[in-house]
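Worksheet: one structure, shown below.
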Amino acid sequence: MRDLIPILKTFKKQKMAPALMAFQIAVTFMVLVNAIYMIAQRSELIARPIGANMESTLTIITNLPTQQGDLTAQLEHDLTILKSIHGVINAAPITGLPLEGWGMYTDFKLEPNGEDVAYGGYFGSNDQLIDTFGLTLVAGENFLPSDIQKVENDGVFKSSKLLITQALAKKLYPDDWLEVLGKNLYYHNEPHEVVGIVDTLQNAWNFWSAIEYTVISAVQEANDTQRYVIRVDPAQIENVIAVIPERLLTHPQKQIESIELLTDVKMRSYREDLATNKLLTAVCISLTIITVFGILGQAKFSISRRTKQIGTRRALGASKHQVISYFMLENAIISVIGVFIGFLAAIILNNQFVELLSLTPVPINFLLFGAIAIVLLGQIAVAYPVSQAAKVSPAITTRGA
Amino acid sequence: MYPYYFKLALISLRKTPMLSLLMVMMIAIGIGATMTTYTVSYMMSKDPIPNKSAHLFQVQLDSMDEIYGDGKTLPTMISYQDAQALLDSDVPKYQVAIAAIQQRVSHEANRHLTPKSLKVRTTTSDFFSMFETPFLYGSGWSKQDGKDAAQIAVLSKETNSWLFNGENSVGKTFKLGADTYRVVGVLDSWDPLPKYYALPHTAFTKPHDLFIPFNTQVKNELFSQKLVSNYCWKKPDDESFSSLLTSECMWVIFWVELPSKKIHQQYQSFIDNHALVQQSLGRFQNRIYNKLVPLKQYLIDEEVVSDDSKMAVWLAALFLVVCLLNCMSLMIAKFHAKAGEVGLRRAIGASQQDIIKQFSIELSVVGTVGGLLGLLFAKIGLISAANTYSYLHSDLMQMNAPLIIGTVVLAVISSLTFGLYPIIRASQMQPSSQLKSL
């Protein structure tokens with residue numbers, strides 16, 4: 001530590017190079033901390049469970065052509081076919097897919113003409129959906145087959161029995177969410193009796209604050225664009241995907257728009273976030289490399305400029321270890337100053353950045369962790385040039401002028 | 001003098017090849033990263049139709065009985081009944097109602113051609129003149145044909161190649177669903193970026209495959225929930241198509257071209273008047289609040305340029321700063337090593353300005369080479385961006401001439417800016433201090 005004063009004195013004489021280094025570390029620190037935090041946040045969003053069993057759920061989007069007669073009859077026919085395929089465990093119709101990016105949402109009231117108390121996503125299906133998705137019923141009961149209404153289009157306007165997610169129940173009755181059982185939820189001026197609560201089911205939009213506020217109504221709706229979800233034996237997935245078109249395309253007007261695993265639906269939904277994460281990772285890696293090279297080059301330069309001094313110190317009795325610790329300390333001081341500037345800049349600029357780019361401010365413990373990491377990075381980067389400096393022979397003082 | 005300095009610069013760069021290469025690489029990597037992200041963001045936010053974007057407005061009506069959202073914004077769609085009422089106006093130069101359907105398209109005779117489910121833009125006759133679509137064959141349909149809900153269509157170039165092998169298909173017929181339609185026009189390649197006239201989340205996708213009159217969609221009772229944004233704040237009387245038309249459901253996008261301030265005012269009073277009339281009939285109970293949103297404002301309101309891409313530009317700019325700071329350290333090292341040379345030149349009569357000129361030229365050479373190499377890096381960066389963001393339009397990942405020139409200029413300017421301090425310091429060298437040791 002007795003090197004501290006001489007080091008500070010050299011900074012006074014040679015301001016520019018260390019200042020540049022510190023500034024560079026400051027910017028690197030700011031970018032790295034922000035970028036890594038953004039990656040972490042995005043990954044957290046992507047990791048939220050969808051609620052349904054992703055690996056064993058296949059989604060199918062097909063059509064029910066009006067020219068073929070009654071839509072409900074066509075839907076039942078499709079379901080019979082799907083359930084008869086080897087490897088299919090169960091099947092259910094649904095009005096939209098979780099994370100599809102398209103779907104229905106509605107406002108909820110607890111009184112017929114009361115205030116809106118929440119909003120959320122809407123799915124209409126039948127009593128087989130819980131089993132097909134593999135949802136966990138945490139309270140109440142599933143629909144009975146007799147609860148199911150069968151309609152063409154616009155099922156959202158019908159009064160019906162209702163399953164809701166636990167998140168929505170807690171939003172409606174924060175004190176005791178079980179209270180919601182048996183109560184009526186109003187939307188589009190119709191009452192809907194809540195008969196059961198499922199743990200999680202995400203609705204259509206991944207960016208939506210109400211993504212986990214989902215209702216499933218007991219209205220089986222037949223649409224000209226019809227969606228089914230089927231639960232498949234994971235070992236049979238390839239087979240089932242191959243067989244579905246053969247079996248389902250029973251007449252020339254029937255079409256299949258897509259057959260996809262729920263996993264793929266989710267990946268598509270988050271493709272923008274996944275791409276951004278890739279980009280941020282690339283930025284972090286290249287920035288780290290460049291900064292390490294910068295520190296390395298800078299250390300080399302300052303050592304080569306001071307070769308003679310090093311020799312003199314060695315000749316006057318300094319050990320190799322003392323030379324090494326001198327340069328390590330010098331680098332550590334520069335890094336700490338840089339991180340300190342970066343810290344200040346991050347705090348001062350944060351508000352502007354948060355507003356400009358709608359970011360969430362980086363938490364303090366994240367900043368501290370980043371600071372330690374950057375200082376360590378600097379120490380690693382100088383290790384090689386410093387080990388070279390220690391090799392400077394004391395005899396160098398005897399040469400030249 | 002300058003050619004001489006240029007020669008000196010080349011000699012100096014060759015003398016320290018590692019250092020020169022490092023400097024060039026630093027600039028090139030920084031510039032490459034910045035220009036990659038800037039290109040995407042620039043292409044996303046550029047004016048899609050510069051000659052008339054100031055005259056295009058989206059019509060937004062508050063036809064609701066309750067406050068929508070925060071009370072300032074309105075849905076970007078209007079109801080069918082309002083759209084039909086607005087279409088009667090003769091104030092705007094052009095006016096366009098827009099919706100879309102998905103339908104099965106097949107060739108009438110050629111059974112080998114597998115039918116495809118295509119996206120169909122349904123719109124009114126002014127669409128083609130208002131958005132200046134280029135035609136390969138034929139033209140759009142007449143106002144009368146549009147009103148009469150004729151079974152006619154305009155095909156995109158791709159659809160025409162698929163259905164009719166790219167021949168002039170005007171007058172030929174094909175099947176759309178169960179009905180026969182006649183081709184009246186074929187578009188040439190047309191790919192506005194952003195695709196401003198439709199829903200914001202489709203702004204970076206290709207236009208739909210074919211176009212049919214809006215009234216034809218209505219006559220044939222065709223509706224595809226997935227391709228329109230349908231906001232029903234009040235439920236329709238029943239599930240039939242006719243009650244959708246008379247309902248308060250908002251699903252029609254409406255654009256007008258208003259070439260002058262005067263016409264703008266006239267049109268604003270026309271829609272306000274429409275709202276007043278409707279209010280007296282029991283609709284528009286909330287307030288009279290109708291907006292004509294200019295195209296550019298619309299693109300900002302709907303956040304067509306994502307925060308992600310703006311953030312990427314910021315990150316890349318900071319990245320460039322780090323590279324340049326690094327480069328600056330290298331310059332200090334380089335000029336430090338040249339102290340002897342500077343001292344000698346100063347001693348035999350070169351002025352400070354001469355030294356500044358000499359080193360500036362050397363840095364310009366480094367900057368230019370760095371910029372050119374950066375251009376190459378940006379090209380590689382854009383190719384990998386096109387892979388990563390494969391769902392976005394590939395034209396976003398193309399540099400145009402101003403961007404290419406801008407890249408090199410940015411490289412030279414930034415290397416000179418960051419070189420300013422090392423150069424001035426080098427020029428202030430006292431000749432005597434150096435000559436002593438020689």
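Please read these numbers as outputs of a predicted model, since none were measured by experiment.
Note: B/Phe335 and B/Phe359 meet the aromatic proximity criterion, with ring centroids under 6.0 Å apart.
Of the atoms belonging to A/Lys300, not a single heavy atom falls under 4.5 Å from chain B. Heavy atoms of A/Glu221 lying under 4.5 Å from chain B are absent altogether. In this structure, chain B has heavy atoms under 4.5 Å from both the backbone and the side chain of A/Thr276. Interface remark: A/Leu279 contributes side-chain atoms only to the contact with chain B (heavy atom separation under 4.5 Å). In this structure, chain B has a heavy atom under 4.5 Å from the side chain of A/Leu280, while its backbone stays farther away. Heavy atoms of A/Ser302 lying under 4.5 Å from chain B are absent altogether. At a 4.5 Å heavy-atom cutoff, the contact between A/Phe157 and chain B is made by backbone and side-chain atoms alike. Contacts between A/Glu100 and chain B at a heavy-atom distance below 4.5 Å involve the side chain alone, from C-beta outward. Interface remark: A/Gln24 contributes backbone and side-chain atoms alike to the contact with chain B (heavy atom separation under 4.5 Å).
Note on B/Leu315, B/Leu330, B/Asn326: by heavy-atom pairs under 4.5 Å with chain A, the leading option is B/Asn326.
Heavy-atom neighbours of B/Lys338 NZ from other residues, nucleotides or ligands within 6.0 Å: above the threshold of 12.
Considering only heavy atoms from C-beta on, A/Arg271 comes within 4.5 Å of A/Arg268 through its side chain.
For the residue pair B/Thr246 and B/Ser243, no side-chain donor N or O sits within less than 3.5 Å of a side-chain acceptor on the partner.
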